[in-house]
Amino acid sequence: MPDRNSIIEKREAEKEKDKVVVLDFGGQYSHLIVRRCRELGVYTDLLPYEIPIEEFKRGIEAEEGTGKIKGIILSGSPFSIHELGSPSCSSEIIDLNIPILGICYGAQLIAYTKGGVVGEGMKSEFGRAELLFKDCALFDGLTERGSENGRINVWMSHGDVIEQFDGADILGHTMNTPVAAFRIANNYGVQFHPEVHHTDKGEKILWNFLYKICGCERNWAIESFITDKIEAIKRAVGAEGRVICGLSGGIDSSTTALLVNKAIGDRLTCIFVDNGLLREGEKETVINTFENNFNMKLVFVDAKERFLNGLRDVKDAEAKRMVIGEQFIKVFEEEANKLGNVDFLAQGTIYPDRIESAGASSQKSSRIKSHHNVGGLPEKLELKLVEPIADLYKDEVREVAKELGMPPQIVGQHPFPGPGLAARVIGAVTDDKLRICREASDIVEAELKNNGWYDKVWQAFAIVGDDVATGVLGDARSLGRIVTIRVVESKEAMTADFVKLPYEVLESMSKRITNEVKGVTWVTYAISSKPPATIEPC
Ligand code: XMP
């Protein structure tokens, strides 16, 4: 599998946007910082803290409008600066002539590197604290008119404390933290988290950093993203280039297909593969939506048999993903050969896919799952990649889709994994387990819709494994499968929690599953969060 950098290099040649970079030290809010900056209109990337200094230098020396790095934000971290092996970036980065904002651990790292005293775990603060601050560029607009000082409530989550920082301008303190905000040269640090909603005016503080201190231009909005992207696809594919796109009917591949279709019209051919792992009614919906609503060239391939044959007796989750990936390659190869002269493959890879498949954004976390749409395919197919939404988070993809006129049932539908129902059948994928998983999932979704919960949750489905449990049917004892219902809430799928559904809704799901899905005796509810669990069981 190619590493993340080679994937980035292989993506379509387009002019990069100027950006702010968040260096990820493994903090729980790292993605949130990126999201907030993008919401404020500045393109922002999340990078691992170990990134080589040369990469930064290239970004800093770039011409305006070609991917210039305008500022760096150092994230929080679960580590203490004093811990052996705690994450640290090159001190050269901190000394670069570019504005830096350290948040929590990031602030402590700056202080520690520049001679400040970071006390260990003596005066931790968790939750709300009152920050007393002085007027400065970072807190601009936060004081009462004419006043040199102000107070706001901020959100804290730290064990270590910056106790003293000679040479720095101390911009704020709280009862437990003598240095809660500082500036030294063009480095700023805040012990609190401006990215969380619980910090009053946190958004304004980030706005000040982006626009007043870094001098960023507003360059990130969904409408301009669409226009820019369409132009970029045109440039990358050229006047003659032909593209195929694996369309699954999910929001990511659908949005990708629409963007490419807008750019190059019928030089795009979408390939929709029925791999036997689809949801109830999925095939009909996809064909109907794309052929009838969008008038796109769509090739339908019935490949159920070869996928299911390939999966027979394969029990291991990662091995199943590999089989599915390989089968997709074969089908695409065959279809590309039939079409002839195909140069590009469009994929619906999104930002979290890239990060999770690459082993997260830093070495402090490991690869979770091999999302099959990242890597593998293009190498073997010798096709160049077009990944127009690879910089977007899921809800940004939804905004793009809405803007492009995608029907609400596709925009609002829950994400569905590339390996389809195989991600929800534990152990070997058999016809019977697939049927149970498909029928039970359909009931779970229907009951959520009936009870007004569908749009409030991230994903909802049924899981089935090899375990059987005793039941009574009529007067007779019978053995049947155990179906587990999984309903989660999440923002970006990087973390998730189970949804506290009312018992009545769970009861109606359970009753319908045992009554309507043949061979099921027990229904359970998955109450694990991510981490430690993942959303899909396989
Ligand atoms: P996990 O199970 O890793 O899933 O917590 C996070 C999100 O990603 C989806 N998912 C996938 N999507 N190919 C995909 O396109 C995959 O191989 C894959 N595996 C998981 C999952 O449904 C959830 O939304």
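Read the numbers this way: they start at 1 and go in the same order the structure lists the ligands and their atoms.
- For Asp316, there are no salt bridge (Lys or Arg N to Asp or Glu O under 4.0 Å) partners at least two apart in sequence or on another chain.
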Could you list the donor-acceptor pairs under 3.5 angstrom formed by side chains in residues 397-409, with sequence neighbours left out?
from   : atom 1 : to     : atom 2 : distance (Å)
Arg398 : NE     : Val411 : O      : 2.9
Arg398 : NH2    : Gln413 : O      : 3.3

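- Side-chain contact of Glu396 with Trp220: a donor-acceptor pair under 3.5 Å is present, judged by distance alone.
- Ligand 1 is approached by Pro419 to a heavy-atom distance shorter than 4.0 Å.
- Under the 4.0 Å criterion applied to side-chain N and carboxylate O atoms, Glu203 and Arg36 are not assigned as salt-bridge partners.
- Side-chain N/O atoms of His414 and Arg279 include no donor and acceptor closer than 3.5 Å.
- Of all the atoms in ligand 1, the ones that sit under 4.0 Å from a non-hydrogen atom of Thr534 are 1 (P), 2 (O), 5 (O).
- For Pro415, no nitrogen or oxygen atom sits less than 3.5 Å from a nitrogen or oxygen atom of ligand 1, counting backbone and side chain alike.
- Listed by atom number, the atoms of ligand 1 under 4.0 Å from Trp458 heavy atoms are 24 (O).
- Scanning Arg321, His414, Gln459, Lys530 for the heavy atom closest to atom 23 (C) of ligand 1 points to Gln459.
- Neither the backbone nor the side chain of Phe416 comes within contact range of ligand 1; no heavy atom lies under 4.0 Å.
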